[in-house]
Amino acid sequence: MNELISVIVPVYNVDNYVKNCIESIIRQTYKNIEIIIVDDGSTDKSGEICDEIAECDSRIEVYHKGNGGLSSARNYGIKQAKGNYYVFVDSDDWIKDTMVECLYSAVIESNAEIACCGRIIIDDKGNKEELHIDENRSFSCKEIIEKTVFDEKIGVAAWGKIYHKSLFEEIIFPEGEIHEDVAIIYKLFDKCNIIYAINRPEYYYRNNPAGISKQKYTRNYNVVLKHNLQNELFISEKYPELKGLMRAATAKSCIEMMIKIVKSENGYKTFDKEYSNYRNNLKQRSLAYLKYKNLSLKELIWMLIMISGNKFMRKLYKLIGLFK
């Protein structure tokens, strides 16, 4: 009950936030941790701040490397890790003092390979939203997939979870690609006998306006559909009864990317090929999406407009502000 836990923090140009992040890890009630900070080629003062904080706590190791992206930084941190368990914390977020202890206790007591906690989402205006399950419980791989596709209370992000190190022996984050968590989380779940979730929000997620999820569409987002199609194939082969659910998940992703294109300047013209690809995949999976997702009237109209390909209606729908 006192195993070494590696807390891995990828850092890139977050000098306004990184001190708060690291100090929240230092304050953990579970003390037997190593804090692995990977400065991924920051061009601001993030690296210097990390070095200064590291002088005050021998548990901290700071590594400086050339910029390779979030996946590259996490993979680098994993290579340095000596702990039996891994925890990932993004450097613009922070955690409650009890998070590592709660997750470690949960994974030990349940004999699980992964334990998950809830989160508190904070926007740039200080508004807060809590997301967590109603009660502590164990999940099988099949159950956790069913729980995470349309329910964000657990989520598919790498953070807010603890992992036994053996899960990463053959799995790495895909380097050079965004939405890296989606690419591997179901493969990690598949290696588990038990995934355990606690009903406590222990992770503070900063809804950063400059974060990846808020950016306008670029061709970097093309990999999102690839990840979803790979997950659809992987899960459908393992659990044929979940094929419809995974097709619905792909449809959901297509809608999100199409909205991002619509909201980008000259998005239709610049990303016409990508938009058509999303539209075709959505059209093929629309019935599955309608089956598994309880749509509002606004969402249903938007989906039908996208499937129809009517450019005038798309522009009108955008103009009158019926989607965010």
Side-chain angles (χ1 to χ4, degrees), residues 1-9 20-37 57-61 74 77-78 80-91 93-122 128-148 151-169 171 181 184-186 188-205:
M1 291 294 293
N2 192 36
E3 297 173 277
L4 179 65
I5 297 174
S6 301
V7 183
I8 299 170
V9 186
N20 183 50
C21 173
I22 298 172
E23 288 182 345
S24 75
I25 302 171
I26 292 173
R27 293 194 300 267
Q28 290 302 293
T29 55
Y30 188 91
K31 300 301 182 183
N32 193 19
I33 60 175
E34 60 171 0
I35 305 171
I36 299 173
I37 301 173
D57 196 315
S58 61
R59 298 174 300 173
I60 301 176
E61 290 287 345
R74 284 177 176 166
I78 290 170
Q80 316 309 317
K82 302 179 183 67
N84 289 332
Y85 290 89
Y86 303 155
V87 171
F88 299 100
V89 181
D90 284 358
S91 52
D93 301 331
W94 70 102
I95 59 178
K96 287 187 178 180
D97 297 358
T98 52
M99 190 188 89
V100 172
E101 182 177 1
C102 286
L103 289 177
Y104 179 63
S105 295
V107 83
I108 294 299
E109 292 171 8
S110 64
N111 199 31
E113 293 90 352
I114 295 176
C116 320
C117 67
R119 62 196 180 279
I120 300 171
I121 303 171
I122 301 181
K128 297 181 180 181
E129 178 187 9
E130 289 191 9
L131 286 176
H132 57 83
I133 63 172
D134 296 330
E135 59 182 1
N136 298 345
R137 60 160 293 189
S138 296
F139 293 88
S140 66
C141 178
K142 178 176 177 290
E143 290 171 335
I144 200 73
I145 293 169
E146 293 174 311
K147 183 67 176 176
T148 54
D151 188 339
E152 298 181 358
K153 291 180 180 178
I154 294 177
V156 296
W159 43 258
K161 299 175 176 66
I162 191 170
Y163 307 83
H164 192 271
K165 66 178 182 179
S166 62
L167 300 177
F168 286 91
E169 290 176 356
I171 296 176
D181 299 352
I184 71 166
I185 193 66
Y186 292 127
L188 293 171
F189 287 155
D190 183 59
K191 295 182 71 174
C192 299
N193 293 311
I194 298 173
I195 302 101
Y196 196 81
I198 62 174
N199 64 347
R200 296 175 54 159
E202 294 285 323
Y203 191 98
Y204 288 95
Y205 173 78

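Treat the numbers as computed from the prediction; the structure is a model and nothing was measured.
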Mind listing the closest non-hydrogen atom pair of [X] and [Y] along with its distance?
{"X": "Ala158", "Y": "Phe88", "answer": "O-CD1, 4.1 Å"}
{"X": "Lys165", "Y": "Gly83", "answer": "CD-O, 3.5 Å"}
{"X": "Lys161", "Y": "Gly155", "answer": "NZ-O, 3.1 Å"}
{"X": "Pro201", "Y": "Ile120", "answer": "CB-CG1, 3.7 Å"}
{"X": "Glu3", "Y": "Tyr104", "answer": "OE1-OH, 2.7 Å"}

Pairing of Glu143 and Arg137 as salt bridge, 4.0 angstrom limit: yes
Check Arg74 with Asp90, please: is the shortest side-chain N to carboxylate O separation under 4.0 Å? yes
Measure the spacing between [atom1] of [X] and [atom2] of [Y] and express it to the nearest 0.5 Å.
{"X": "Ile114", "Y": "Lys191", "atom1": "CD1", "atom2": "NZ", "value": "10.0 Å"}
{"X": "Tyr203", "Y": "Cys116", "atom1": "OH", "atom2": "SG", "value": "13.5 Å"}
{"X": "Asp190", "Y": "Ser140", "atom1": "CG", "atom2": "OG", "value": "11.0 Å"}
{"X": "Arg59", "Y": "Leu4", "atom1": "CZ", "atom2": "CG", "value": "10.5 Å"}
{"X": "Ile171", "Y": "Ile78", "atom1": "CD1", "atom2": "CD1", "value": "10.0 Å"}
{"X": "Lys96", "Y": "Glu202", "atom1": "NZ", "atom2": "CD", "value": "5.0 Å"}

Within the supplied structure, the quantity of interest is the number of heavy atoms (other residues, nucleotides, ligands) at a distance under 6.0 Å from Glu152 CD; does it exceed 12? no
What orientation do Trp94 and Tyr204 show, parallel under 30°, tilted 30 to 60°, or perpendicular over 60°? parallel
Over 60° means perpendicular and under 30° means parallel, so classify the ring planes of Phe168 and Tyr86, tilted if in between. tilted
Validation row, ring centre Phe189 to ring centre Phe139 under 6.0 Å: no
